[in-house]
Amino acid sequence: MRINCISTGSSGNLYELLDSKGNSIILEAGEPRHTYMKHREATTAPEMVIISHSHGDHSFYANQYEMMCTVHRWKQRAESDNFKAFGFEVVHGDVLNYAYLIKFLEDDRFLFFATDLEYEEKSLQPIFKALKFHKVENFLIECNYNDYLYHLAEKEQRIGCDRHFSDNDLIRFIKKVGAKEPKIITIHGSERLSGDAYTKKMIKGRIPNATVAVSVGAKNGVKNLFKL
Ligand SMILES: [Zn+2]
């Protein structure tokens, strides 16, 4: 599978997923359609768009994508010809938000996608169970801030952090899931409270078998593309 992180973070989220045959879907619609058209990898139309929750950095441009394909707005189930997604409700302030286990039908592989979530044990239990059951090893998952920067930060810089995963939350999560050699792409890093190199080192240090990449989105015409 290929994961094209076109844009990530609080200014806008847009991810393109492709299977081995080049079939694709889009996650989130926090950037306009022309941004997708400019950076996309697929040569055919996307099969669907899945949007996790209503915050603008994930959903603002949803209408623009309706001209191309079906757009699923915070739905528990989303299905297309070659992809199947099941949503788990996760805690993110008081907004309805889903994390998705996505099956690439053609390749018979799974990707777990989660962003904008709190480490709230009860809501995560069904996820731990499902990911263990399916032996999920691929993660496109939020790492919003580093706890050490959070502790150094001023009170106003910390606003909103409690609704997101920190590096330690992510590490705890991956350990609970029991992935043997997890492939982790972190998303939605905060500009103020996360350092890309530190994040990578921190996760690698705590989960030695992991392969870790920190996504930054397409920058200066260079794609932010990952192959898992
Ligand atoms: Zn949000």
Side-chain angles (χ1 to χ4, degrees), residues 3-17 25-33 35-36 48-66 71-78 85-102 111-127 139-147 149-150 153 155-174 184-196 199 214-218 224:
I3 297 165
N4 185 13
C5 294
I6 297 172
S7 186
T8 190
S10 56
S11 60
N13 292 273
L14 181 63
Y15 311 93
E16 181 189 28
L17 310 182
I25 61 171
I26 296 171
L27 301 178
E28 315 292 26
E31 293 285 351
R33 196 168 59 135
T35 303
Y36 162 73
M48 62 177 165
V49 177
I50 300 171
I51 302 175
S52 62
H53 66 295
S54 63
H55 285 160
D57 55 332
H58 297 260
S59 73
F60 190 79
Y61 296 97
N63 290 347
Q64 293 188 3
Y65 290 85
E66 266 167 357
V71 176
H72 298 279
R73 290 172 172 82
W74 37 102
K75 293 267 167 59
Q76 191 172 42
R77 284 167 200 275
F86 182 83
F88 297 88
E89 216 176 307
V90 289
V91 178
H92 180 44
D94 50 11
V95 161
L96 175 64
N97 185 25
Y98 287 101
Y100 290 94
L101 180 58
I102 302 166
L111 173 75
F112 181 68
F113 168 70
T115 187
D116 296 51
L117 72 165
E118 296 166 34
Y119 198 98
E120 196 275 323
E121 197 79 35
K122 200 168 157 245
S123 63
L124 297 178
Q125 285 303 331
I127 301 179
F139 302 88
L140 182 61
I141 188 166
E142 165 167 68
C143 183
N144 184 249
Y145 62 96
N146 299 122
D147 274 315
L149 287 175
Y150 177 88
K155 207 173 170 186
E156 63 267 23
Q157 287 189 302
R158 296 178 175 182
I159 291 170
C161 278
D162 56 344
R163 296 194 294 268
H164 292 272
F165 256 25
S166 71
D167 47 3
N168 283 302
D169 291 333
L170 182 147
I171 289 161
R172 199 151 42 126
F173 179 91
I174 299 287
I184 303 165
I185 301 168
T186 70
I187 55 173
H188 215 295
S190 151
E191 276 173 24
R192 288 170 288 114
L193 296 181
S194 76
D196 296 348
T199 298
V214 177
S215 76
V216 293
N224 194 208

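Quick caveat, the model's predicted, so the values are computed rather than measured. Both ligands and their constituent atoms are indexed starting at 1 by order of listing. Any value given below was found using the heavy atoms of this structure, including those in side chains, with hydrogens, waters and symmetry copies removed.
Distance NE2/His164 to CG/Leu170: 14.0 Å, rounded to 0.5 Å.
With hydrogens and angles disregarded, no donor-acceptor distance shorter than 3.5 Å links the side chain of Glu142 to the backbone of Ala114. Using a distance-only test at 3.5 Å, with no hydrogens or angles considered, a donor-acceptor pair links the side chain of Asn13 to the main chain of Asp57. Ser215 contributes a side-chain N or O that, together with a main-chain N or O of Thr186, makes up a donor-acceptor pair within less than 3.5 Å.
Geometry at the Zn ion (ligand 1): ND1/His55 and NE2/His53 form an angle of 90°, nearest 10 degrees.
The atom of Asp116 nearest to the Zn ion (ligand 1) is OD2, with the search restricted to N, O or S atoms.
Here Asp57 does not reach the Zn ion (ligand 1): none of its N/O/S atoms is less than 2.8 Å from the metal.
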